Amino acid sequence: MQAADQTLGTPEAQAPGFLTSSVGRKVVMAVTGIILFGFVTVHMLGNTQAYLGKEPFNHYAELLQTMVHGAGIWVFRGVMIAAAGLHGWAALSLSMDNWKARPVGYRAQQMKSATWASRTMRWSGVVLAAFIVYHLLHLTVGSAHPAFIKGNAYHNFVEGFRVPLASAFYIVAQLCLGLHMWHGVWSLTQTLGWVHPRYNKLRRGLASALTLLVVGVNISFPIAVLAGVIK
Amino acid sequence: MEKHLNLTLHVWRQKNAQAEGAFAEYPARHISTEMSFLEMLDVVNEELIRKGEDPIAFDHDCREGICGTCGCVVKGRPHGPKERTTSCQLHMRSFEDGDHITIEPWRAEAFPVIKDLIVDRGAFDRIIAAGGFITAPTGTPQDANALPVPKQNADLAMDAAACIGCGACVAACPNASAMLFVSAKVSQLGLLPQGQPERYTRVRDMVARMDAEGFGSCTNHGECEAVCPKGITMENIARMNRDFIKASLLYRPEVAAGGAG
Ligand code: HEM
Ligand code: FES
């Protein structure tokens, strides 16, 4: 490299676009992560209506199907597909760069602050992707459901979880969600630069509280069905 | 109190950048606990030279923790098991008699091994050249205090400037990311008034160079911060991200219409 090239940093010539840069793709991951976690949290809150019984639950499901004359759910689906797609793309492309960055590993490496959650983000993410596909086929489309009745969400919910293997997969997927969320919520604040000594404890606390709440309530659904509390 | 240790070293040996490397085993006998880690390697090398063998090549210069030249992965930790310590400041009292010590070079695509434990950290220099500087008129010095600097910014900039560029952050990161290093340099200049004119082109240029050199990206494991001999914090990475986001959102190409004079 010429000395002149090294020292005259012209942004046009040197800086690639936002989406090709490492920090830019991290920001995509964080913003889509907020959308996905935001959805998961609201979805969990909505589903607690299963404890109120058939009528309120099916009424809620119908409301979601018909909001804005039925256009609402498609707008919402578009946003979710875009967010999931972008998140998966950023995760894959950053992970591939990261693997390339360390072609030869260590014989003896000792980690100190990395957590189990932080080191398994890629794998918990892949399990979540598989789960999302299954979940849609199970309770939205119905093709992976033993006794699907279109328009009777409550029935599908209860009969779906009566199958122990299906419930077991739900619970495993929720534990993966917990790992992904616990590291992800904290990590996204760092990625977006929301760091300040005054609020750092809160960042960890928020991640832990949100994870416990979402995963705890979600896991309670299949257990409640299997235990006969919801029937 | 001084004691003497007998150790077994497992050292990465590699003739040059092209050669295949491998681990070799060496005894290190009668090593005083008051020696530094590099002095221990000196003793082992004396012995190798006496036997007519090639001594172990390792980088070092100041041997007092300020230049950032030394550095190898000792027992799985960059710069060894002690916190806030460079390899040259590590003492043999941190080891036990009979220990097996694995010694490896920094491992990263962007840091090719030159020989044994020495890696080429030219990538760091090229990142600095891409934007880690300020443009300032030299000449007669200004009056002191002509530029007010808030005390907190001065302290934070000073903390960031403590980075000696040793590369332990890259070595420790599971992704071989250089973001702790780059963010320390971005922060050190971006926090001070002298760094403002180039603040937002700097962060984009340095990140672009960092990516082009083949470093990975941060996934917030925190290994860099845990291993840094100078205690550089991940808050710097957050600051770099913040500046990068702002620089990208508000980027406008240079125009010289009315202002061209
Ligand atoms: C398509 C499947 C998925 C894959 C392959 C995946 C993979 C990843 C990877 C590799 C990271 C980066 C780890 C890090 O920076 O520490 C990440 C971060 C994250 N993921 Fe996922 N994930 C997936 C699905 C999800 C889902 C369903 C959610 C939300 C419910 C989610 C939310 C997040 C969040 C919030 C982050 C943190 C972003 C940041 O570090 O700034 N991910 N994901
Ligand atoms: S030799 Fe200078 S820091 Fe270790």
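Proteins get letters first, then strands, A, B, ... in listed order; numbering begins at 1 in each. Given the structure is predicted, the values throughout are model-derived calculations rather than measurements.
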Problem set entry | Audit row: B/D211, A/S21, side-chain hydrogen bond (donor to acceptor under 3.5 Å, both in side chains) steps and yes/no | CA-CA 7 Å; B/D211 291 345; A/S21 74; 4.8 Å; no
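- The minimum heavy-atom distance linking A/S113 with B/A226 is given by the pair OG-CB, 4.2 Å.
- Each of B/D243, B/V182, B/V203, B/N241 was checked for a side chain to side chain contact (heavy atoms under 4.5 Å, CB included) with A/V23, and the lone residue meeting it is B/N241.
- In the displayed structure, A/M67 atom CE is contacted under 6.0 Å by more than 12 heavy atoms of other residues, nucleotides or ligands.
- The shortest side-chain heavy-atom distance between A/R107 and B/E104 falls under the 4.5 Å cut-off.
- Closest approach of B/T219 to A/S187, counting heavy atoms only: O-OG, 4.3 Å.
- Around the CD atom of B/Q196, the shell of radius 6.0 Å holds more than 12 heavy atoms that belong to other residues, nucleotides or ligands.
- A/W186 touches chain B through its side chain: at least one heavy atom from C-beta onward sits under 4.5 Å away, while N, CA, C and O do not.
- Across all their heavy atoms, B/I237 and A/Q190 have their closest contact at CB-NE2, 3.7 Å.
- For A/R119 and B/E223, the salt-bridge test fails: no basic side-chain N is under 4.0 Å from an acidic carboxylate O.
- For the set B/R242, B/R77, B/M210, B/H10, the entry with the most heavy-atom pairs within less than 4.5 Å of chain A is B/R77.
- For A/V104, the parts lying near chain B are the backbone and the side chain together; criterion is any non-hydrogen pair under 4.5 Å.
- Distance check: B/T102 OG1 to A/Q109 CD gives 12.0 Å after rounding to the nearest 0.5 Å.
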For this session: Go through A/D97 and B/S217 one step at a time and tell me if the side-chain contact (heavy atoms from CB on, under 4.5 Å) criterion holds.
Result: CA-CA 8 Å; A/D97 286 356; B/S217 59; 6.0 Å; no
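- Atom OG1 of B/T233 and atom CG of A/N200 lie 9.5 Å apart (nearest 0.5 Å).
- The main-chain N or O of B/C218 is found under 3.5 Å from a side-chain atom of A/K26 such that the two form a donor-acceptor pair.
- With contacts defined as side-chain heavy-atom distances shorter than 4.5 Å, the pair B/N175/A/R102 does not qualify.
- Atom CG of A/L165 has 12 or fewer neighbouring heavy atoms from other residues, nucleotides or ligands inside a 6.0 Å radius.
- Between chain A and the residues B/A110, B/P174, B/P78, the largest count of heavy-atom pairs under 4.5 Å involves B/P174.
- A/K112 has its side chain out of reach of B/H221: every pair of non-hydrogen atoms, C-beta onward, lies at least 4.5 Å apart.
- Smallest separation of non-hydrogen atoms from A/S22 and B/M179: OG-CE, 3.5 Å.
- The most heavy-atom pairs under 4.5 Å with chain A, out of B/F215, B/F23, B/F111, B/W12, come from B/F23.
- The shortest non-hydrogen separation linking A/A101 to B/A176 is O-CB, 3.4 Å.
- Counting only heavy atoms from C-beta outward, the side chains of B/F244 and A/F18 approach each other to under 4.5 Å.
- Exactly one residue among B/R239, B/E235, B/M234 makes a side chain to side chain contact (heavy atoms under 4.5 Å, CB included) with A/V195. That residue is B/E235.
- Using modelled atom types, one side-chain atom of A/Y106 and one backbone atom of B/A171 make a donor-acceptor pair closer than 3.5 Å.
- For B/M206, no part lies near chain A; criterion is any non-hydrogen pair under 4.5 Å.
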